[in-house]
Amino acid sequence: MLIIGLGLIGGSLAKALKNKRFARVIAGYDRNSDDLQQGLDLEIIDEAVSDLTTAVSTADIIVLAVPVKATEAVLSAIKPYLNVNTVITDAGSTKANVIQAAQKVFGSVPVNFIPGHPIAGSEKSGVASSDEKLFVKHKVILTPLAESNKSATRLIARMWQSTGAEVLQMGVERHDEVLAATSHLPHILAFSLVDTLAKEQDSTDIFRYAAGGFRDFTRIAASDPTMWHDVCIANKQELINQIDNFTDGLAVLRQAIVTSDSQSMLGIFTRAKSAREHFNKMLSGTAYSQTHNNLHVTFHVRAGSALHGRIRVPGDKSISHRAVMLGALAEGVTNISGFLESEDSMATVQAFRDMGVVIEGPHQGKVKIYGVGLHGLYSPPGPLYLGNAGTSLRLLSGLLAAQAFDCVLLGDKSLSRRPMERMAEPLRKMGASIETATDGFAPVVIKGGQTLMGIDYQMPVASAQVKSGLLLAGLYARGTTCIKQPAMTRDHTERMLRSFGVELNTHNGEVSIASGQILTATDLEIPADISSAAFFIVAAAIIPDSDLIIEQVGVNPGRAGVLQILQLMGADVTLENHTQRSGEPVADIHVRYAPLTGITIPEALVSVAIDEFPAIFVAAAAAKGTTCLSGVGELRYKESDRIQAMTEGLTRMGIDITVNGDVILIKGGELQGAKICSFNDHRIAMAFAIAGTIATSEVMIEDCNYVATSFPDFIEVAQKAGIRIHKEET
């Protein structure tokens with residue numbers, strides 16, 4: 001391997017590859033003989049090359065680690081000696097000029113020339129600053145052309161991967177556009193700011209008393225001026241475009257400051273803050289969260305003593321989603337308390353920020369939303385990434401089908417396996433232009449500017465999400481939209497719409513809404529989530545001598561099926577301190593241990609307990625006798641196939657469970673310790689954590705990262721209740 005240019009990048013690459021023994025010989029060439037000798041003395045390279053003739057003709061790989069403006073000259077110098085099989089790459093931060101240089105020298109870009117750009121660097125420069133870890137966990141972008149040799153591309157990818165870098169591929173034009181915005185513009189702004197302040201008469205005091213933020217922002221102004229001069233020349237037009245975009249944005253902020261426009265300022269600052277936190281999640285394809293990381297999370301649970309005391313679980317996730325959506329569409333300012341700060345609900349917050357809604361918070365469960373009205377949403381700057389939030393995906397599909405702009409809804413791998421045609425099909429009947437991906441999954445592509453018409457729709461499957469999405473679309477559709485349900489579902493959307501002043505008609509499972517209504521901002525209190533409480537209700541019901549109170553839980557009749565099912569099994573569950581919060585019934589749930597007995601679960605309770613069935617499976621496994629349930633096919637289309645996940649896990653724990661079509665039989669027994677897979681499903685992970693409280697030995701549940709989508713503090717609340725549980729992050 002021959003590396004031409006022993007600066008920071010070339011030297012660091014040589015050092016990393018030498019340590020990894022990627023090549024038999026790593027030779028270096030540099031115009032500066034002192035740098036070349038230093039590279040040899042520091043054992044960064046194996047050989048120092050002073051004559052390119054022999055080195056080029058015998059090299060398998062040549063890396064051009066030179067300033068972008070020198071690319072053409074270097075290619076011209078090595079052209080006469082190149083072997084036809086030699087693979088060439090570069091490390092320049094712009095790519096269009098590199099392609100042009102290759103075309104000028106060779107007539108066309110050689111098929112073995114694979115342009116590349118490591119997104120890594122330092123304010124330090126020179127071979128003495130070489131760092132073999134410079135590229136670890138950093139990205140390297142390769143920009144091969146259509147005619148590029150695929151074997152050569154793979155070889156260069158392996159080369160960078162061996163340094164610890166993540167390798168991506170991108171088109172040349174797109175690379176230069178993206179890097180102009182994310183790398184080149186920030187450097188130019190930092191240089192300009194420091195230069196401007198340095199010209200001030202009192203610049204000494206300005207710099208002396210500058211805070212850490214100034215130091216952090218201007219750190220990159222210590223980079224190599226010559227290199228950045230070359231970048232500006234090489235990527236001139238894209239950089240000018242980004243400077244113009246920034247100037248326009250700065251002018252908007254300046255005007256807001258001049259006029260003391262608090263809402264505009266808050267909008268800019270909150271969108272920027274959340275975007276800064278959000279971008280890393282989007283790039284990694286994970287759900288949105290301020291605290292989410294890519295560590296592998298495993299829960300360890302052992303049986304312990306009885307559960308006692310009082311606990312609180314987080315705010316209701318379903319209601320949190322709807323509060324953000326309706327608050328954004330309302331006229332005026334909506335204040336929310338009890339908001340669930342989980343990945344799923346934060347994805348909804350981010351989506352509306354992307355559509356121009358100013359949202360303050362959340363902070364300790366409080367959120368302030370500056371509503372824009374039914375027709376005040378803006379086209380988002382790109383696809384709306386919703387992480388694992390299935391509720392948000394379906395409800396937003398209905399809402400966005402009526403907007404004037406186009407939109408694409410994306411999710412993580414789990415969300416991209418959720419069926420969306422059940423939402424898209426009735427929306428098309430209303431006149432929406434909406435397309436789903438292969439097999440009816442996300443991404444969902446919505447074309448704006450359509451005129452929607454109200455319809456009478458008989459839902460084939462009971463689904464609160466589909467019903468809610470159609471109600472949101474019905475706010476915009478001409479006439480009246482009427483939805484007929486085959487079974488009772490949660491009515492959070494109907495209750496909350498009424499809180500915002502919208503009139504609906506509900507009768508015998510039918511709900512209808514007329515268009516043309518205005519939402520008026522209000523204050524909302526979100527109760528605790530019964531789906532989160534269900535795990536502790538079951539735990540207290542199956543652990544002898546337990547006596548536990550879960551405070552201020554939402555007990556909406558469309559969600560309380562889990563309570564009725566457990567009571568039919570013999571659980572000692574009572575409701576105390578009844579009250580109302582923003583139209584939702586709320587109570588303390590008091591659970592005392594009592595032996596459970598297997599039952600045939602009434603199908604009428606399935607739709608009002610669908611999210612709680614993982615916990616109900618555990619209750620059935622701990623009960624005496626056999627529990628029979630049917631009509632739960634919807635469980636196969638949640639974050640995982642929950643029937644399969646619970647069957648596999650309970651079988652591992654020694655429980656006899658039989659699935660025959662739509663009928664499931666669970667024979668209660670003694671739960672054994674086991675290693676369980678959660679299938680990246682938050683409710684499966686928490687259900688087996690509860691199963692572990694009465695197991696004969698330790699239960700280890702893998703892949704529990706996704707618990708943060710609905711219950712970020714699950715471990716802490718469980719430990720407070722008395723459960724012996726801890727998590728391991730690797």
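Throughout, residue positions are numbered sequentially from 1 according to the sequence presented. The model shown is predicted, which means the values in this text are computed figures rather than measured ones. Heavy-atom basis, side chains included; hydrogens, waters and symmetry copies ignored.
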Approximate separation, where rounding is to 0.5 Å, of [X] [atom1] and [Y] [atom2]:
X: Leu168; Y: His117; atom1: CG; atom2: NE2; result: 12.0 Å
X: Asp641; Y: Met646; atom1: CG; atom2: CE; result: 12.0 Å
X: Ile684; Y: Asn680; atom1: CD1; atom2: CG; result: 11.5 Å
X: Ile240; Y: Ile188; atom1: CD1; atom2: CD1; result: 11.0 Å
X: Arg31; Y: Ser50; atom1: CZ; atom2: OG; result: 15.5 Å
X: Glu702; Y: Phe679; atom1: CD; atom2: CZ; result: 11.0 Å

Consider only side-chain N and O atoms of [X] and [Y], and report whether a donor and an acceptor are under 3.5 Å apart.
X: Thr53; Y: Asp51; result: yes
X: Thr436; Y: Glu421; result: yes
X: Ser151; Y: Arg154; result: yes
X: Asn241; Y: Gln237; result: yes
X: His682; Y: Ser710; result: yes

Does [Y] offer a backbone N or O that forms a donor-acceptor pair with the side chain of [X] under 3.5 Å?
X: Ser414; Y: Glu639; value: yes
X: His138; Y: Ile119; value: yes
X: Asn235; Y: Asp176; value: yes
X: Asp30; Y: Leu6; value: yes
X: Arg394; Y: Met423; value: no
X: Arg417; Y: Phe441; value: no

**OP:** Indicate yes or no: does Asp681 engage Arg642 in a salt bridge with an N to O separation below 4.0 Å.
**Re:** yes
Original post:
Is the shortest side-chain N to carboxylate O distance from Arg24 to Asp46 below 4.0 Å?
Top reply: no
Return the minimal non-hydrogen interatomic distance between [X] and [Y], and the atom names on each side.
X: Pro443; Y: Val408; result: CB-CG1, 4.1 Å
X: Ile701; Y: Ala685; result: CG2-CA, 4.0 Å
X: Gly5; Y: Val66; result: CA-CG1, 4.3 Å
X: Ser342; Y: Lys317; result: OG-CD, 4.5 Å
X: Ser76; Y: Pro80; result: O-CD, 3.5 Å
X: Leu75; Y: Phe113; result: CD1-CE2, 4.5 Å

A side-chain contact here means heavy atoms from C-beta on lying under 4.5 Å apart; do [X] and [Y] qualify?
X: Val87; Y: Asp60; result: no
X: Glu166; Y: Lys137; result: no
X: Phe299; Y: Ile715; result: yes
X: Leu134; Y: Ile9; result: yes
X: Ile45; Y: Leu40; result: yes
X: Arg652; Y: Phe688; result: no
X: Leu400; Y: Leu384; result: yes
X: Cys677; Y: Asp703; result: yes

Original post:
Stepwise, does the side chain to side chain contact (heavy atoms under 4.5 Å, CB included) test hold for His321 with Asp344?
Top reply: CA-CA 8 Å; His321 283 302; Asp344 277 9; 4.0 Å; yes
Subject >> Mutual orientation of the aromatic rings belonging to Trp160 and Phe135 [parallel < 30°, tilted 30-60°, perpendicular > 60°] >> reply: perpendicular
Subject >> side-chain contact (heavy atoms from CB on, under 4.5 Å) against Ser183, all qualifying residues, sequence neighbours excluded >> reply: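 side-chain contact (heavy atoms from CB on, under 4.5 Å) list for Ser183, sorted by chain: Leu179, His187, Trp228.
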So for atom [atom1], which belongs to [X], do other residues, nucleotides or ligands contribute more than 12 heavy atoms lying within a distance under 6.0 Å?
X: Phe405; atom1: CZ; value: yes
X: Lys69; atom1: NZ; value: no
X: His229; atom1: NE2; value: no

Original post:
Would Val172 and Leu145 count as a side chain to side chain contact (heavy atoms under 4.5 Å, CB included) if you check the C-alpha gap in whole Å, the side-chain angles of each, and the deciding distance to 0.1 Å?
Top reply: CA-CA 8 Å; Val172 171; Leu145 304 181; 4.0 Å; yes
Donor-acceptor pairs under 3.5 Å, side chain of residues 98-108 to any protein atom, not counting sequence neighbours: which ones?
{"from": "Lys104", "atom 1": "NZ", "to": "Glu72", "atom 2": "OE2", "distance (Å)": "3.4"}

**OP:** Mind running side chain to side chain contact (heavy atoms under 4.5 Å, CB included) on Lys95 and Glu173 for me, showing each step along the way?
**Re:** CA-CA 8 Å; Lys95 298 272 71 87; Glu173 292 182 359; over 6 Å; no
Original post:
So Leu42 and Lys15, side chain to side chain contact (heavy atoms under 4.5 Å, CB included) or not? Walk me through it.
Top reply: CA-CA 9 Å; Leu42 294 173; Lys15 192 172 184 179; over 6 Å; no
Subject >> Partner of Ser148 by side chain to side chain contact (heavy atoms under 4.5 Å, CB included), out of Val111, Ile114, Asn112 >> reply: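 Exactly one candidate clears the test, Ile114.
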